[in-house]
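Letters A, B, ... are given to chains in the order of the sequence lines, protein chains preceding strands, and every chain is numbered from 1. Computation of the quantities below employed the complete heavy-atom set of this structure, encompassing side-chain atoms and omitting hydrogens, waters and symmetry-equivalent molecules.
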Amino acid sequence: MHNKSIKELASGLRSGEFSSVELTQAFLARIKQHQSLNCFISVTEDLALQAAKLADHRIATGNADLLTGIPIAQKDIFCTQGIKTTCGSKMLDNFIAPYNATVVEKLNDVGAVMLGKLNMDEFAMGSSNETSYYGVVRNPWQTDSVPGGSSGGSAAAIAARLSVCATGTDTGGSIRQPAALCGITGLKPTYGRVSRYGMIAYASSLDQGGPMARSAEDTAILMQAMAGFDPKDSSSVDMPVPDYQAGLGVDLKGLTIGLPKEFFGDGLSGNVAAVIEKAIQEYQKMGAVVKEVSMPNLKLAIPAYYVIAPAECSANLSRFDGVRFGYRCENPQDLTDLYTRSRGEAFGKEVKRRILMGTYALSAGYYDAYYIKAQKIRRLISEDFKKTLAEVDVIMGPVTPSTAFGIGEKMGNPIEMYLSDIYTIAINLAGLPAMSIPAGFAEGKPVGLQVIGNYFTEDRLLNIAHQYQQVTDWHQRSPKGFE
Amino acid sequence: MTLTADDVKKIAYLARLGIDQQDVESYTKDLSGMLELMTQMSETNTDGVLPMAHPMDQSQRLRVDEVTEQDNRNNFQAIAPQVEEGLYLVPKVIE
């Protein structure tokens, strides 16, 4: 059952081949069996079985959506009412969310069955899942390697068939990079397409939730349930949501693909480059036309991001003060001591590093040199994309410079860790949608192809991924031991 | 641009963020490394470029001034570290 697509599962549920309760039990058993991957922070077994029972009833009475009764899992950044929501941090280890995120509400409404809350880098700050208070997640393809981050639990759980699909969030690559390193499909939607309400904020002008699954078709089905205007999110965009599944049948003849030369220069490992080139040839066989393009300001994405994201993070994370919720230190001497020690004892090193960086960049005397400068660079990067996407339909390239690296390999060198997001970060600065698609393997580890489109063209990106998945089977491969 | 240990301690104080004495050196090194990375930005001329604060360049949506939220005080205070009679308690600020 765990290798079936959402459509196959939905049809099995309707024909009576199996019930949602049985399906849910099967996944819960797999989660237990593969606990050593550490994908989940909380498994909500009782609630899942209750939801499955309700879903079975809905299906029996003909009141069901495609996702009704389908086991899914939520990244632990989304607030779930009455359920511990940690954001991967000691700060929220005791936090029982008092309300649901809109994404959670929407998926509950269609009757999806939540299996639990997924591990992640602390406050979504990391590219390897190693900054989680709850320990590193192991990559099912090679368990001494990282799954990527910050949605590492989501990607690893899907690759290991511990959940049919999952939610993720992407601030600088946190859906696409783990999707690439774990060999699954992930979509980072246009900024504003998916509600951020109840999604714990890291960098508000960059954060965007999105779907992760094995195939583009499953990703489209999950996206359908997640997307849409939400008055509770002030930056949510009020635009109709297309029928993503209906858009999956379009052939790609005449599609123009831009290949930025900056994506294929120094720093890209040779075996990843070879896989990406082969994937692009596959698109050419389907009738796509390739064009070399240049986006000279892309190289500035990392420095601009590491000013803007920490600046927004230092403001957002000031709410964790030990007063209203979350961790509070023992015996505070005075108010300053309460703030300082609560935050000092409960935040991990990477979170502290970014709060410090952001505080510095926003402080008097440095604001113009760093923060305003970075915002100007952000404009230049965004203009580069605008110009390029006026010439071509989509941009393609690698998601990551290399395959999954070893656990512990980059933890001692934060800058080197930051560079693993070199191909994903610019997209968040511009607010564009992008996908990671399984494109093959290098030395036994998955490689992801990145496809970047214009604003609100998620339907086109999903179709481009789907067409590729009709002629390749990379997305269906299982890691050894998880078949 | 490099920072000193004293700079880092000052920034930590501004952020009301406790950092262990033994970690000051590594934060100093890491932040200096990040600032080094940022010098790349100064090599690009950005005169006349409008700073981009947000990807959508949209203005804030307004809504009718009506109560839409119900009173959740009890729910919110149920997860607070210390409350009394509907108030959040902190160490004494004014003697």
Side chain to side chain, [X] and [Y], heavy atoms closer than 4.5 Å:
{"X": "B/Val90", "Y": "A/Arg328", "value": "yes"}
{"X": "A/Pro98", "Y": "B/Ile79", "value": "yes"}
{"X": "B/Met41", "Y": "A/Val307", "value": "yes"}
{"X": "A/Thr190", "Y": "B/Met56", "value": "yes"}
{"X": "A/Tyr360", "Y": "B/Val8", "value": "no"}
{"X": "A/Arg378", "Y": "B/Pro55", "value": "yes"}

Proximal to chain A - members of residues 62-73 of chain B, heavy-atom separation under 4.5 Å:
none
Separation of [Y] [atom2] from [X] [atom1] (nearest 0.5 Å):
{"X": "A/Met357", "Y": "B/Leu31", "atom1": "CE", "atom2": "CG", "value": "6.5 Å"}
{"X": "B/Arg61", "Y": "A/Asp238", "atom1": "CZ", "atom2": "CG", "value": "7.0 Å"}
{"X": "A/Leu356", "Y": "B/Thr28", "atom1": "CG", "atom2": "OG1", "value": "9.5 Å"}
{"X": "A/Ile96", "Y": "B/Asn75", "atom1": "CD1", "atom2": "CG", "value": "12.5 Å"}
{"X": "A/Leu300", "Y": "B/Glu43", "atom1": "CG", "atom2": "CD", "value": "8.5 Å"}
{"X": "B/Thr46", "Y": "A/Gln375", "atom1": "OG1", "atom2": "CD", "value": "11.5 Å"}

Under 3.5 Å, is there a donor-acceptor pair between the A/Lys373 and B/Ser42 side chains?
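There is no such pair between these side chains.
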When you check the side-chain N and O atoms of B/Ser26 and A/Lys349, is any donor under 3.5 Å from an acceptor?
yes
A/Val323 versus B/Ala80, closest heavy-atom pair with distance:
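Heavy-atom minimum between the residues: O-CB, 4.3 Å.
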Against chain A, label B/Met38 side chain, backbone, both or neither, depending on which of its atoms sit under 4.5 Å from a heavy atom there.
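For B/Met38, heavy atoms of backbone and side chain both lie under 4.5 Å from chain A.
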Whether A/Arg343 side chain and B/Arg16 backbone form a donor-acceptor pair below 3.5 Å
yes
If you count heavy-atom pairs within less than 4.5 Å of chain B, which of A/Phe347, A/Phe229, A/Tyr99, A/Tyr455 leads?
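If we count pairs closer than 4.5 Å to chain B, A/Phe229 comes out on top.
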Interface check, chain B: of A/Ser235, A/Ser314, A/Gly326, A/Pro231, most non-hydrogen pairs under 4.5 Å belong to A/Ser235
